Protein chains: 2
Amino acid sequence: MILSTKGRYGLKAVFELSLNYGEGPVSLKKISEKYDISENYLEQLFSKLKKNGYIETVRGAQGGYLLAKEPKEITVGMILRTLEGEITTSECLNREVCVRESICATRGIFEKIENSISNVIDNITLADMYEEHKNIIAEEKIKNEQKNLS
Amino acid sequence: MILSTKGRYGLKAVFELSLNYGEGPVSLKKISEKYDISENYLEQLFSKLKKNGYIETVRGAQGGYLLAKEPKEITVGMILRTLEGEITTSECLNREVCVRESICATRGIFEKIENSISNVIDNITLADMYEEHKNIIAEEKIKNEQKNLS
DNA sequence: TTAATGTTGACAAAATTAGTAGGGTATAAT
DNA sequence: ATTATACCCTACTAATTTTGTCAACATTAA
């Protein structure tokens with residue numbers, strides 16, 4: 001498990017916000033119950049996301065959290081980097097640390113891994129996730145109908 | 001930093017073995033001094049790698065560790081998986097945990113990330129690392145020569 | 001006003017990481 | 001044979017990170 005609960009919980013919760021995009025704020029309580037995540041813990045995650053400008057809050061009764069931008073403008077990478085910190089595989093990017101030649105050989109690998117991860121997470125938006133989600137639901141529906149026919 | 005020292009140290013140390021492939025065993029002491037890694041700690045990492053059949057040992061004076069296979073037959077993925085455990089981004093592969101639809105939406109993303117990482121680390125061998133290493137050295141040599149000319 | 005909600009900061013249990021310590025065993029060199 | 005060098009193995013531990021909990025407070029809708 002290379003992602004901690006921060007990234008996993010946070011991504012799920014933000015996806016939930018995107019499901020409710022345009023329909024007013026969603027309360028923490030609702031999200032934490034739906035996904036069975038500690039309310040206070042989620043709060044800390046959302047606090048960071050708010051500071052970085054990805055979500056907004058509405059205080060008071062009927063308040064809650066909502067996306068600050070359209071789902072298509074928020075990438076998975078933005079969320080994960082905010083919550084998990086930089087997705088680096090090595091401290092060895094700094095040339096000065098890396099004096100001895102044989103160490104540099106491994107740095108190339110670490111860079112490749114990093115780039116391939118960035119490539120994925122920076123090119124998936126919340127809107128993409130929603131599309132994928134719809135497809136999964138549609139597939140399941142078909143399966144269930146086939147089951148009922150037989 | 002998504003890789004712990006286990007993976008980072010281990011990969012560096014195994015690369016060192018590949019540099020010495022065909023030239024007899026390399027002692028832990030030598031490696032731990034070269035990379036400034038705790039000898040006892042490295043020992044634990046190598047112990048796992050030995051159990052999984054990637055390296056062999058020669059006991060006694062002048063003994064040490066050596067690759068059990070050719071560098072081209074050992075992938076970065078083998079080493080990292082041995083030392084870091086499975087490279088999974090989510091516990092959610094298990095369908096039963098994943099009853100609620102909205103959770104499944106994030107699973108797709110986690111699967112993509114996982115696959116892209118696997119794709120990288122399973123397709124780079126120690127021999128590839130050595131090639132890359134040679135290129136870096138060659139480039140640096142050219143740079144130095146240019147510096148001396150000016 | 002009151003109940004619902006977000007805000008903040010301090011605290012803490014649990015797990016993981018990153019080693020240490022130390023007693024073994026095997027073997028090459030002398 | 002002895003000794004130095006090296007791997008082998010088990011336990012322990014300090015530090016850090018993760019994963020929360022708790023409590024007091026601020027804001028706002030009804």
Side-chain angles (χ1 to χ4, degrees), chain A residues 1-13 17 20 24-33 35-52 54-68 80 82-86 88-91, chain B residues 1-14 16-17 20 24-52 54-68 80 82-91:
Chain A
M1 193 95 69
I2 63 176
L3 287 179
S4 71
T5 56
K6 288 179 194 164
R8 303 204 312 275
Y9 292 0
L11 193 52
K12 284 176 185 175
L17 295 187
N20 288 271
V26 186
S27 76
L28 259 195
K29 198 180 175 190
K30 211 174 146 192
I31 300 179
S32 74
E33 275 172 3
Y35 292 93
D36 195 26
I37 299 173
S38 149
E39 201 175 328
N40 283 314
Y41 190 46
L42 250 190
E43 204 172 283
Q44 290 172 45
L45 305 182
F46 272 10
S47 162
K48 275 192 184 175
L49 291 170
K50 186 187 177 185
K51 271 181 195 147
N52 282 24
Y54 301 126
I55 63 181
E56 290 172 351
T57 53
V58 177
R59 296 179 72 159
Q62 315 307 320
Y65 294 85
L66 58 165
L67 293 186
L80 294 185
T82 299
L83 299 175
E84 299 273 354
E86 267 312 302
T88 61
T89 48
S90 170
E91 77 284 6
Chain B
M1 195 94 69
I2 63 175
L3 287 180
S4 69
T5 56
K6 288 179 196 165
R8 303 203 312 274
Y9 291 0
L11 195 52
K12 285 175 186 177
V14 169
E16 185 65 25
L17 295 187
N20 287 272
V26 186
S27 76
L28 260 194
K29 197 179 176 189
K30 213 173 146 192
I31 300 179
S32 72
E33 276 172 1
K34 179 165 181 182
Y35 293 92
D36 195 27
I37 298 173
S38 148
E39 204 176 323
N40 279 318
Y41 191 45
L42 250 192
E43 202 172 285
Q44 291 171 44
L45 305 182
F46 271 10
S47 161
K48 275 191 184 179
L49 291 170
K50 188 186 176 185
K51 270 181 196 149
N52 282 21
Y54 301 125
I55 64 181
E56 288 172 351
T57 53
V58 177
R59 296 178 75 161
Q62 316 305 322
Y65 293 86
L66 58 163
L67 293 186
L80 293 185
T82 299
L83 299 175
E84 300 273 355
E86 266 312 301
I87 312 290
T88 61
T89 49
S90 170
E91 77 285 6

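Lettering follows sequence order; numbering is per chain, from 1. Remember, predicted model here, so these are calculated numbers, not experimental data.
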Could you list the protein-to-nucleotides 27-30 of chain C atom pairs, N/O on both sides, closer than 3.5 Å?
| residue | atom | partner | partner atom | Å |
| --- | --- | --- | --- | --- |
| C:dT27 | O2 | B:Ala61 | N | 3.4 |

side-chain contact (heavy atoms from CB on, under 4.5 Å) filter on A:Val26, not counting sequence neighbours, yields A:Leu17, A:Asn20, A:Lys30, A:Ile31

Is any side-chain heavy atom of A:Leu83 closer than 4.5 Å to one of A:Tyr9? no

Notebook entry, point to check: So, the side chain of A:Glu84 versus the backbone of A:Ser4: is there a donor-acceptor pair under 3.5 Å, distance only?
Noted result: yes

| task | Go through the steps to decide whether B:Thr5 and B:Tyr41 satisfy the test side-chain hydrogen bond (donor to acceptor under 3.5 Å, both in side chains), and finish with yes or no. | result | CA-CA 10 Å; B:Thr5 56; B:Tyr41 191 45; 3.0 Å; yes

Taken to the nearest whole Å, NZ/A:Lys48 to C1'/C:dG6 is 19 Å

| task | Side-chain contact test, heavy atoms from C-beta onward, threshold under 4.5 Å: evaluate it for B:Leu67 versus B:Val14 and give yes or no. | result | yes

Comparing nearest nucleotides in DNA chain D, the 5'-proximal residue of the pair B:Lys29, B:Ser47 is B:Lys29

- Item | pair A:Leu66-A:Ile55: side-chain heavy atoms closer than 4.5 Å | no

Between NZ of B:Lys30 and P of D:dT5 the distance, given in whole Å, is 16 Å

Closest non-hydrogen atoms of B:Tyr35 and B:Glu16, given as atom of the first, atom of the second and distance, are OH-OE1, 2.7 Å

To the nearest angstrom, the CG-P distance between B:Leu17 and D:dC7 comes to 10 Å

Separation of C:dT5 atom P from A:Phe46 atom CZ, nearest Å, is 15 Å

So the side chain to side chain donor-acceptor pair (under 3.5 Å) pairs with at least one residue in residues 54-65 of chain A (sequence neighbours excluded) are A:Lys50-A:Thr57

One would report the end-axis bend of the helix from C:dT1-D:dA30 to C:dT30-D:dA1, five pairs per end and rounded to 10 degrees, as 10°

Separation of C:dA4 atom C1' from A:Tyr65 atom OH, nearest Å, is 13 Å

Letter by letter from the 5' end, nucleotides 12-22 of chain D scores (B base, S sugar-phosphate only, - none; protein heavy atoms under 4.0 Å) ------SBBBB

Rounded to whole Å, the NZ-P distance (B:Lys12 to C:dA18) equals 12 Å

Task: N or O in side chain of B:Thr57 less than 4.0 angstrom from D:dC8 OP1/OP2 - done: yes

When rounded to whole Å, the CD1 to C1' distance for the pair A:Ile55 and C:dG6 reads 11 Å

In terms of heavy-atom contacts, A:Ser38 and A:Ser32 come closest through C-CB, 4.4 Å

The side-chain contact (heavy atoms from CB on, under 4.5 Å) partners of B:Ser47 (sequence neighbours excluded) come to B:Lys51

Rounded to whole Å, NZ of B:Lys50 lies from P of D:dA6 at a distance of 16 Å

Is any side-chain heavy atom of A:Gln44 closer than 4.5 Å to one of A:Lys48? no

